[in-house]
Amino acid sequence: MLKTHNCGELNSSDVGKNVKLAGWLQVRRDHGGLIFLDIRDRSGLAQVTADPSVGEAFSIAEKVRTEYVLQVEGKVRPRPEGTVNPNLPSGEVEVLARTITILNPSKTVPIPIDDEGDKTDETIRLKYRYLDLRRPRLQKNLMLRHRIIKFMRDYLDKAGFMEIETPMMIKSTPEGARDYVVPSRAQPGKFYALPQSPQQLKQLLMVAGYEKYFQIARCMRDEDLRGDRQPEFTQLDIEMSFVEREDVLALVEGLITELIPAVTPHKRIISPFPVMTYGEAMDRFGSDKPDFRFGMEITDLTDAVRGSELILFSDAITAGGTVKCIVAPGCSHYSRKDLDILTELVRSAGAGNLATLAWTPEGMKGTAAKKLSQAELDRISTITQAKEGDLACIIADRPAAVAKGLSALRLEFRDRLKLVPEDLLAFGWIVDFPMFEWDEDEKQWISMHHPFTSPRVEHLDKLESDPGAVMSDAYDLVCNGFELASGSIRIHDRDVQAKIFKSLGYNNEEIQRRFGHMLDAFEYGAPPHGGIAPGLDRMIMLLCDEPNIREVIAFPKTASGSDLMFDAPAELEPKHLRELHIKITD
RNA sequence: GGGGUCGUAGUUCAGUUGGUUAGAACGCCGGCCUGUCACGCCGGAGGUCGCGAGUUCGAGUCUCGUCGGCCCCGCCA
């Protein structure tokens, strides 16, 4: 080894030892007759002192520059009285250099890497990701990521699970996200698809009798990206045989409840995790992934304003819509400009106009105040429990649009009013999802979760008569407004599975061609089974207090799916394309 | 696919109603300095104002297009 000690771990117990350090030059402080070098490795910093009276180290120390890779050999000594640096774990000691070897010089780095990186344009950070990753923030994030995944592997191993790898090159499935595809050279005109998740494979492992499976699984989906969505991402993929919903929830809840204190002891969780139905979540929070860290719940004003002279409300109700609101405490003073921003937010969420009511010392103000009767205003005050200083934001529209708009407003007020404690992780379960949702474009029912999700047995008879009323055995884990995991009890009965495919609009021929392998497998003793798949990037993002998942992924892609370091995706050589039997047409 | 926003020195930014040689801080380079740790002091270099058209006597500034980053809607079984 070129080093005997880690920089950040040097301390007074090493005084007197001859040590070799190797690392990067973080900063050089040249006092003319004395030079200090801060040497950094993965463990942290150590101060090296070059004195002209000691060896030939000094002449090298005059030449070295930031980010040079150096090897330093010398003796550890306590720092002189009054020069101890209490901000540095190794701050009580320094290494008096006898020799300094330049292992590799460095050009001046294009971005500062001795800060958090939050001031630097992300384009350049991603182009020079190997430098960006040198900063302690990202090293800390990736280290925590490692510990989290290590904990999960150990926990599941102890619980009797086995990790099994599944192929990356499989077959395109018609439903769900767009697939990334890989052309076959050996079979012209045919393509593999990269897995959106190992869903079918893990179910087939249950048929194969493995009972408890997990995998740290990479998933690929060719859809547009967000701060919490990358084209490839990592799931803790889990599947179990002979389980019911509560067994899966208990496993994941136990895992997380032990994980958090082990890896991020400064974080608080609420135990046990609250369980809420999809319907209740939509009613109270307007979202299927509510942020449970604060209240500001939605109240229903539909009955209170039925037949109102305010046509914005009465028209919406007549058209089958609802009138609902949230109350923002202490926001009655909001200016026209503030309200314009909120209105625009609601509009971009796809809801109709925002109406407001403000409880001010001078009485009721706001866009809805004039046209509402005193009786209506009284009823609204009672229902919402609003008091002086409060601002009610009211939306009248189709139920889905109202939910969308109020949910967006609720999160906006969360951030504006700083309503959430930073150390709280508010996990919760959302259960009892509808089996299907209506696709207006395709004019057909589509799976809300995925087509292998089991309907609730008591709803089986409504599959054909009333698909919209069928509930599924699906469940989501949410935390702080993010969907962190999604899972379900699966179908293991061939005939039920075939019925679901039919409900989704497939004919027998299509079912056999696309899903024949699943139906066949279910005919050979498929056990009852279910599973779940927590999204690791999002979970790690929350545990690292990062605002997006790019900060917890070593080499992430941009919102347009580019890798700015590799400059991927890129064109292929014509020869390469010919081999793959591919012609570019536009 | 749609909307918003940003792009000026290596980095972060300023740049007035369109008008002289486009500035600052940090970083970088050189000099001085034996206890600094955001070392200090003195000096210096460094610019395709993302790119391309257009308007104008004159464009960093205005218009159009285009490329790229970020955020949001759609999308993400």
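Sequence lines set the chain letters: A, B, ... in the order given, protein chains first and strands last, and positions in each chain run from 1.
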Chemist: Compare the minimum distances between each of B:C70, B:U34, B:C37 and the side chain of A:R550, then state the nucleotide with the smallest one.
Modeler: B:C70
Chemist: Hey, is A:H31 stacking on B:U36? Ring centres under 5.5 Å, planes under 30°.
Modeler: no
Chemist: For B:G69, does either OP1 or OP2 sit under 4.0 Å from a side-chain N or O belonging to A:S560?
Modeler: yes
Chemist: Mind calculating the distance between CG (A:N548) and P (B:C71) to the nearest angstrom?
Modeler: 6 Å
Chemist: Take the angle between the ring planes of A:Y128 and A:Y130 and call it parallel below 30°, perpendicular above 60°, tilted in between.
Modeler: perpendicular
Chemist: Where does the angle between the aromatic ring planes of A:W445 and A:W438 fall among parallel (under 30°), tilted (30 to 60°) and perpendicular (over 60°)?
Modeler: perpendicular
Chemist: Is any side-chain N or O of A:T558 closer than 4.0 Å to OP1 or OP2 of B:G69?
Modeler: yes
Chemist: What does A:P110 touch in the nucleic acid at a heavy-atom separation under 4.0 angstrom: a base, only the sugar-phosphate, or nothing?
Modeler: sugar-phosphate
Chemist: Counting the atoms with a prime plus P, OP1 and OP2 as sugar-phosphate, which does A:T123 contact under 4.0 Å by heavy atoms, base, sugar-phosphate, or nothing?
Modeler: sugar-phosphate
Chemist: So what does A:G91 hit on the nucleic acid, given a heavy-atom distance under 4.0 Å: a base, only sugar-phosphate, or nothing?
Modeler: nothing
Chemist: Starting at atom CG of A:D30, determine the distance to atom C1' of B:C37, rounded to an integer number of angstrom.
Modeler: 14 Å
Chemist: Calculate the interatomic distance between A:K557 atom NZ and B:C76 atom C1'; express it in whole Å.
Modeler: 17 Å
Chemist: Is it the case that B:G68 (base atoms only) and A:E122 (side chain only) share a donor and an acceptor within less than 3.5 Å, ignoring hydrogens and angles?
Modeler: no
Chemist: Below 3.5 Å, does any donor atom in the side chain of A:D121 face an acceptor in the base of B:G7, or the other way round?
Modeler: no
Chemist: Quick check: any donor-acceptor pair below 3.5 Å linking the side-chain of A:R77 to the base of B:G35?
Modeler: yes
Chemist: Thinking salt bridges, do A:E56 and A:R98 make one under a 4.0 Å N-O criterion?
Modeler: no
Chemist: Quiz question: going by heavy-atom distance under 3.5 Å, is there a donor-acceptor pair between the base of B:C76 and the side chain of A:R229?
Modeler: yes
Chemist: Show me the donor-acceptor pairs within less than 3.5 Å that the side chains of residues 104-114 of chain A make with the rest of the protein, sequence neighbours left out.
Modeler:
none

Chemist: What does A:P451 touch in the nucleic acid at a heavy-atom separation under 4.0 angstrom: a base, only the sugar-phosphate, or nothing?
Modeler: base
Chemist: Give the rounded distance in Å between these two atoms: NE2 of A:H450 and P of B:C76.
Modeler: 15 Å
Chemist: Look at the side chain of A:R65 and the base of B:G27, then say whether one donor and one acceptor between them are separated by less than 3.5 Å.
Modeler: no
Chemist: What nucleotide, of B:C37, B:U34, B:C76, holds the atom closest to the side chain of A:E223?
Modeler: B:C76
Chemist: Considering only side-chain heavy atoms of A:R226, which listed nucleotide, B:G74, B:U34, B:U12, is closest?
Modeler: B:G74
Chemist: Measure the acute angle between the ring planes of A:F452 and A:F515, then classify it against the limits of 30° and 60° as parallel, tilted or perpendicular.
Modeler: perpendicular
Chemist: Counting any heavy atom closer than 4.0 Å, what does A:E94 reach on the DNA or RNA strands: base, sugar-phosphate only, or nothing?
Modeler: base
Chemist: Output the single nucleotide from B:U36, B:U34, B:C72 whose closest atom is nearest the side chain of A:R29.
Modeler: B:U36
Chemist: Within the structure shown, what part of the strands sits under 4.0 Å from A:T66 by heavy-atom distance: base, sugar-phosphate, or nothing?
Modeler: sugar-phosphate
Chemist: Using a cut-off of 4.0 Å on non-hydrogen atoms, how would the nucleic acid contact of A:Q196 be classed: base, sugar-phosphate, or nothing?
Modeler: nothing
Chemist: Rounded to whole angstrom units, what separation is found between the CZ atom of A:F58 and the C1' atom of B:G35?
Modeler: 13 Å
Chemist: Given 3.5 Å as the limit, does a donor-acceptor pair link the side chain of A:R410 with the main chain of A:D291, or not?
Modeler: yes
Chemist: Have a look at A:L225 and say if it touches a base, only the backbone sugar-phosphate, or nothing, with a 4.0 Å heavy-atom cut-off.
Modeler: nothing
Chemist: Measure the distance from CD on A:Q26 to C1' on B:U36 and round it to the nearest whole Å.
Modeler: 15 Å
